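What follows is a short report on a single structure.
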Amino acid sequence: METFIDLRSDTVTQPTPEMLQAIISAQVGDDCSREDPTVNRLEAMAASRLGKEAGLLVPSGTMGNLVSVLAHTHRGDEVIMESECHIYYYEVGSISAVAGVIPRLVKGNHGVLDPDDLKKAIRGEDIHYPTPTLIAVENTHNRGGGTVTSVEQSRAICDVAKDRGLSTHLDGARIFNAAVALGVDARELAQPFDSVMFCLSKGLSAPVGSVVVGSREFIERARKYRKMLGGGMRQAGIIAAAGIVALETMVDRLEEDHINARYLGEGLAEISGIQVELETVQTNMVYFDVGELGFDSVSFLKELEMRKVRASLRPPTGVRMVTHRHISRENISYVLEVVEEIAKSRSVC
Ligand code: TLP
């Protein structure tokens, strides 16, 4: 049995009993022939939930972003994105290696893009330049600290893109966290974007899967790329069944994860030697720095591990903790005790 308090990611969440039941009783068919009724239902439900015409189930967020970039661009195009975004940082360079596009990086404020900076980054036509065709935004922004881009900011960013004839894609892996934090319908956050990818398998606790939504025509192109990448699945209804339960039952409870993250962040900020940027603790993530205590990320994680707590690295001296369904307030209290103990052991020697 799990004895660790696992704060590495919300991706570690286990399916709920209701999801397992839905998997057992799912009606399935060959999804490559669009004959899986459960996949069809999830795709329609996801599209309607985000106010788009159509949806596409993909095995992962990484594939969802990649098929979206493929469907928006041509080889040699330029894609403008935030400098620390997941697509650039953690997707194995797939947009360059597979889609053949070049990223142009724009620094945001803890991941949140400023429309004026985007305006400056969109270059006019010149024989020497790649053609900019897409702006990709991340909400919530992972490396920014789980930070949220508001509806107004999203609209302003997409207005810049539209004015210059560029398409827009939202890496909304955690769009429901953003919506819950802002107290808005996820549809409003999705509305200005041409396409949105969101994950079922993070805070929403489904075991597998992400969904891309957009116009019918866009999703048809993305569907073809999904097949090209080997993401065409057969009786994928067993995945979709859990995804439907995730969408139906797991969104509202994300608030609890945010409250726990806030409790964690505020507690950590009181521990001498720990640096936390509390203004970035807006959803279910807490990043903090242990450099002042003389730790690097790896050695700090070892100390945590010895005390049955897991977190993830942000080298050289950063640590990330992510709250989720399996993390209670009591767990956070324990984690705070543990971090205080580790910090004290350092300041004594
Ligand atoms: N993020 C994972 C790791 O890859 C870092 C995590 O633990 O946070 N977009 C965003 C904003 C993400 O945070 C992630 C996963 C993805 C896309 C990719 O999703 P998957 O893991 O399903 O490919």
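Sequence positions, counted from 1, serve as the residue numbers for this chain. Small disclaimer: the values here were computed from a predicted structure and weren't measured. As the structure lists them, so they are numbered: ligands from 1, and atoms in each ligand from 1.
- Counting atoms of ligand 1 from 1 in the listed order, those under 4.0 Å from a heavy atom of Glu138 are 11 (C).
- Taking every non-hydrogen atom of Thr62 and a distance limit under 4.0 Å, the qualifying atoms of ligand 1 come out as 18 (C), 19 (O), 20 (P), 23 (O).
- Remark: ligand 1 atoms within the under-4.0 Å shell around heavy atoms of Glu91 are 17 (C).
- Salt bridge Arg329/Glu256: absent, no basic N to carboxylate O contact under 4.0 Å.
- Relative orientation of the His326 and His324 rings is perpendicular, given thresholds of 30° and 60° on the angle between their planes.
- Under 4.0 angstrom from ligand 1, there are no non-hydrogen atoms of Met63.
- Ligand 1 places these atoms under 4.0 Å from at least one heavy atom of Arg174: 6 (C), 8 (O), 12 (C), 13 (O).
- For the 3.5 Å distance criterion, the side chains of Arg307 and Tyr334 fail to qualify, holding no donor opposite an acceptor.
- Within ligand 1, counting atoms from 1 as listed, the ones closer than 4.0 Å to a heavy atom of Arg320 are 6 (C), 7 (O), 8 (O).
- The contact set between ligand 1 and Ser60, taken as ligand atoms under 4.0 Å from a residue heavy atom, comprises 22 (O), 23 (O).
- Residue Arg174 is tested with Asn139, Val180, Asp10 for a side-chain contact (heavy atoms from CB on, under 4.5 Å); the sole match is Asp10.
- For atom 5 (C) of ligand 1, the nearest protein heavy atom (residue, atom name, distance) is His86 NE2, 3.8 Å.
- Side-chain contact, Ser205 with Arg325: a donor N or O sits under 3.5 Å from an acceptor N or O.
- Of the heavy atoms in Lys202, only side-chain atoms (C-beta onward) come closer than 4.0 Å to ligand 1.
- Annotation: Gly61 places an N or O atom under 3.5 Å from an N or O atom of ligand 1; distance criterion only.
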